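Index from 1, following the sequence. Since the model is a prediction, treat every value here as computed from it, not as a measurement.
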Amino acid sequence: EMTRTTAYNSVLLAIAIAAAVAGLAGIPAPAHAAGGKAPPAATAESKAQTLNRLYGEYWEELLRLNPIQATFQGDPRYNDQLPNFLTEASRRENSEFNARWLKRIEAIGADGLDGQDRLSYDIFVKSAKDTLESEQFPGYLMPMNQFNNLAGFAAQLGSGTNAQPFKTVKDYDNWRARGAKLAPIMDQAIVNMREGMRQGVVQPKALMQKVLPQFDALIADQADKTLFWGPIKNMPATFSEADKARITAEYRTMIEQEVMPAFRRMREFIAKEYLPACRDTAGMGDLPNGQAWYAYNAYQSMSVRRSPAEVHQTGLDEVARIHGEIRKVMQEVGFKGSLHDFFKYVNTDKKFEFESEEALLTHYRSIEALLEPGLNRMFNLKPKAGFEIRPVEAFRAQSAAGGSYQPPSEDGSRPGIFYVNTYDLPSRKTWDSEDLFLHEAKPGHHFQLALQQELTGLPNFRRFGGETAYIEGWGLYSETIGKELGALTDPYMYFGMLQNELWRAIRLVVDTGFHSKGWTREQVIKYMLENSATSETDAVSEAERYMAIPGQALAYKTGQLKITELRARAEAALGPKFDIRAFHDEILKDGSVPLDVLDAKVDRWVNSQR
């Protein structure tokens, strides 16, 4: 599951903190033709070309400002760089960048643009305005929680198992240079958090208590006992003895004298200073200007403006509807007892558990073959990129979601990866498997995100950016078509889909409950346990996730309801002319777009098919 700029997973949001949309120095005025006559008015085509050239310049500048974004998309040019994005100077630079680019693009205007050019213009301008609107909310004063832990993110990059490459001597020198910049960012985070304490902008205590064990798992006295030693352990044999010795010595110094002391400072600060100042409340409503901040977060996540009260009601309605569907499954399997008894049964009966991590992974790999015929029947568009299933790394498994997806690198050297969490194995249920695969892998995130990167004709801000509601809406829609694809034939597997759809509906209720109705952490956990088949482990980590990234959880159901509505509308309008493959092409072919843009786009497509 992902967030805005989803492709790079939610932790990257903390790093690529303020980068969204912006502009370079401007286009030279057109030279006048001989004889002093002005040239003919710019044609729509030349306007589109000008905009596309500017989007290219914009993206180049964005990558310089956000080198981590470049690394994740497989662009190695800035692999040695890591700006201190938490400083005031860095925030100001990003703000000026966004304002300048918005002005530059709006000066050209949308008149005469159509097709992809019009989509690009609308998305760019909306994104830039949204980013500038966000500056009134001081997220930089709360840079750390259990979901966005800068130390954990650094360990993922520096362990040699993520986007940072460790193949050449230059790669190793790049990480040495980037690693040197971690301590100043950690120390700036402490400065910002102290200012947050002064202003009353602090994290909930329940979240920060979870951060301490994360640090404890990362901190060690000896470099070779840390995750950062991975690249040294796996150093290519082809390096010269001199390079091996130099790199090993440099990494030992970096880890033991720079990175670990910075981690220790942060851990001590959180334990001794920050935790006592943290709040006992859970929702954003308790922060200064918190209701407006939450409404903005909700809008960013859903890409449409809806009041938290309206979203809350949609959630309650959907929970009731899905409960009705689950009761039909109970009848089908001959279960006697209440909804809650059934939830307890599917959560506790041993027949729904995997025997081992290997059994779990083998089972997930078999789902891919099961879906193949249905995917061929319902989809023309499929990604060219490779695809792999991997277990979540142990150091982050305890607080990671049950499954997540990381898109391939642009050059195809790294495949799309579906991470399956094997931590607390008994809590990973068999009935959850087909549904999770549909959402995270095929036809969910892997189809959508990998395809989006392959749309080389689009400006990069569209290929590598994204709207959570579209991306996660597509993931959830992919679950709901599981039966059509030949999966979910077992009633318990179908229950797994309903349980997960129910979970997304519950999110509408509890996220708005937390942040606009003042619900407590305990109230939210109780609501989740009473209304779904979730385990206590998942209920707690999910509740704390909604506390950590307010509004993000609203995107899933909002997006899915929109795509489902658009399909029903198209089927009704086209009747026998409706082609499911063509509909899916239309949804996927332009990459992620805001939901109102998607609505208008599908309407145009329906009219063209009549």
Side-chain angles (χ1 to χ4, degrees), residues 1 9 156 159 161-162 217 227 230 326 329-330 332-333 335 342-375 386-406 414-447 475-476 478-479 482-483 485-503 532-542:
E1 302 212 328
N9 106 23
Q156 270 185 279
S159 64
T161 59
N162 206 279
L227 284 164
I326 293 172
V329 172
M330 288 161 61
E332 190 185 344
V333 298
F335 185 85
F342 186 64
F343 288 154
K344 192 173 174 192
Y345 164 65
V346 294
N347 256 324
T348 54
D349 197 290
K350 295 275 186 239
K351 78 174 184 188
F352 301 117
E353 291 178 14
F354 290 100
E355 282 173 25
S356 64
E357 178 175 346
E358 201 38 57
L360 180 149
L361 293 169
T362 302
H363 172 70
Y364 272 95
R365 291 179 179 124
S366 74
I367 297 171
E368 193 174 2
L370 170 76
L371 287 170
E372 208 54 39
L375 293 171
F387 170 77
E388 269 181 34
I389 300 172
R390 293 185 195 170
V392 173
E393 306 95 334
F395 76 88
R396 66 187 182 95
Q398 190 169 351
S399 53
S404 60
Y405 176 74
Q406 182 178 301
R414 190 183 71 245
I417 301 165
F418 170 34
Y419 282 107
V420 185
N421 201 338
T422 57
Y423 172 79
D424 186 13
L425 196 63
S427 73
R428 314 296 169 191
K429 302 302 181 188
T430 52
W431 48 256
D432 204 26
S433 57
E434 290 183 6
D435 179 74
L436 192 62
F437 189 97
L438 289 161
H439 180 107
E440 300 293 344
K442 301 176 180 182
H445 288 325
H446 179 62
F447 270 30
L476 187 48
S478 296
E479 298 175 48
K483 275 195 170 177
L485 288 166
L488 310 180
T489 52
D490 177 287
Y492 289 108
M493 289 291 181
Y494 181 59
F495 161 75
M497 188 281 286
L498 290 171
Q499 152 66 6
N500 281 306
E501 191 183 12
L502 175 62
W503 192 243
S532 75
T534 193
S535 65
E536 183 111 26
T537 307
D538 282 349
V540 169
S541 73
E542 287 288 315

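- No more than 12 heavy atoms of other residues, nucleotides or ligands sit less than 6.0 Å from atom NZ of Lys350.
- Annotation: side chain of Leu436 is not in contact with side chain of Asn500 (no heavy-atom distance under 4.5 Å).
- Phe387 and His446 have tilted rings, their planes meeting at an angle from 30° to 60° on a 0 to 90° scale.
- Lys429 is listed as a side-chain neighbour of Glu353, based on a closest heavy-atom distance under 4.5 Å.
- How far CD of Gln406 is from CZ of Arg414: 4.5 Å, rounded to the nearest 0.5 Å.
- Of all heavy-atom pairs between Tyr494 and Val329, the closest is CD2-CG2, 3.8 Å.
- For the residue pair Ser433 and Met493, the shortest heavy atom distance occurs at OG-CE, 3.5 Å.
- Looking at Arg365, its side chain does come within 3.5 Å of a backbone N or O of Ile389 through a donor-acceptor pair.
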Any chance you could lay out the side chain to side chain contact (heavy atoms under 4.5 Å, CB included) test for Tyr364 and Ile367, step after step, and finish with the verdict? CA-CA 5 Å; Tyr364 272 95; Ile367 297 171; 4.1 Å; yes

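- Between Trp503 and Ser532, the closest heavy-atom pair is CZ3-OG, 3.6 Å.
- Glu542 places none of its side-chain heavy atoms less than 4.5 Å from the side chain of Thr534.
- Interatomic distance, Phe342 CZ to Asn347 CG, rounded to the nearest 0.5 Å: 10.5 Å.
- Considering only heavy atoms from C-beta on, Leu360 comes within 4.5 Å of Arg428 through its side chain.
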Derivation of the side chain to side chain contact (heavy atoms under 4.5 Å, CB included) call for Phe343 and Leu502: CA-CA 12 Å; Phe343 288 154; Leu502 175 62; 4.1 Å; yes

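- Considering CG of Leu371 and CD of Glu434, their distance stands at 7.0 Å, rounded to 0.5 Å.
- Under the salt bridge (charged side-chain N to carboxylate O under 4.0 Å, His left out) criterion, the residue pairs touching residues 490-502 are Arg321-Glu501, Glu501-Lys557, with sequence neighbours excluded.
- At least one side-chain heavy atom of Gln156 sits under 4.5 Å from a side-chain heavy atom of Phe395.
- Under the 3.5 Å distance criterion, the side-chain polar atoms of Gln499 are matched with a main-chain donor or acceptor of Ala533.
- Taking CG of Leu476 as the start and CG of Leu438 as the end, the distance is 11.0 Å to the nearest 0.5 Å.
- Between atom OG1 of residue Thr362 and atom CD of residue Glu357 there is a gap of 10.0 Å, rounded to the nearest 0.5 Å.
- Glu388 and Pro415 make their closest contact through OE2-CG, 3.5 Å (heavy atoms, listed as atom of the first residue, atom of the second, distance).
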Name each donor-acceptor pair under 3.5 Å that joins a side chain in residues 418-425 to protein atoms two or more places apart or in another chain, with its distance.
residue : atom : partner : partner atom : Å
Asn421  : OD1  : Tyr423  : N            : 3.0
Asn421  : ND2  : Ala397  : O            : 2.9
Asn421  : ND2  : Ala400  : O            : 3.2
Asn421  : ND2  : Ala401  : O            : 3.2
Asp424  : OD2  : Ser427  : OG           : 3.4
Asp424  : OD2  : Thr537  : OG1          : 3.4

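- Every side chain to side chain contact (heavy atoms under 4.5 Å, CB included) that Thr161 has, sequence neighbours left out, goes to Ser159, Glu393.
- Side-chain contact between Phe437 and Leu370 is absent, with no heavy atoms from C-beta onward closer than 4.5 Å.
- Proximity of Tyr345 to Val333: side-chain heavy atoms (C-beta onward) are nowhere separated by under 4.5 Å.
- Put simply, CE on Met497 and CD1 on Ile326 are 9.5 Å apart, with the number rounded to the nearest 0.5 Å.
- Across Gly444 and Ser478, no two heavy atoms sit closer than the pair CA-OG, 3.4 Å.
- Remark: Glu372 CD is packed, more than 12 non-hydrogen atoms of other residues, nucleotides or ligands lying under 6.0 Å away.
- With contacts defined as side-chain heavy-atom distances shorter than 4.5 Å, the pair Ser541/Gln398 does not qualify.
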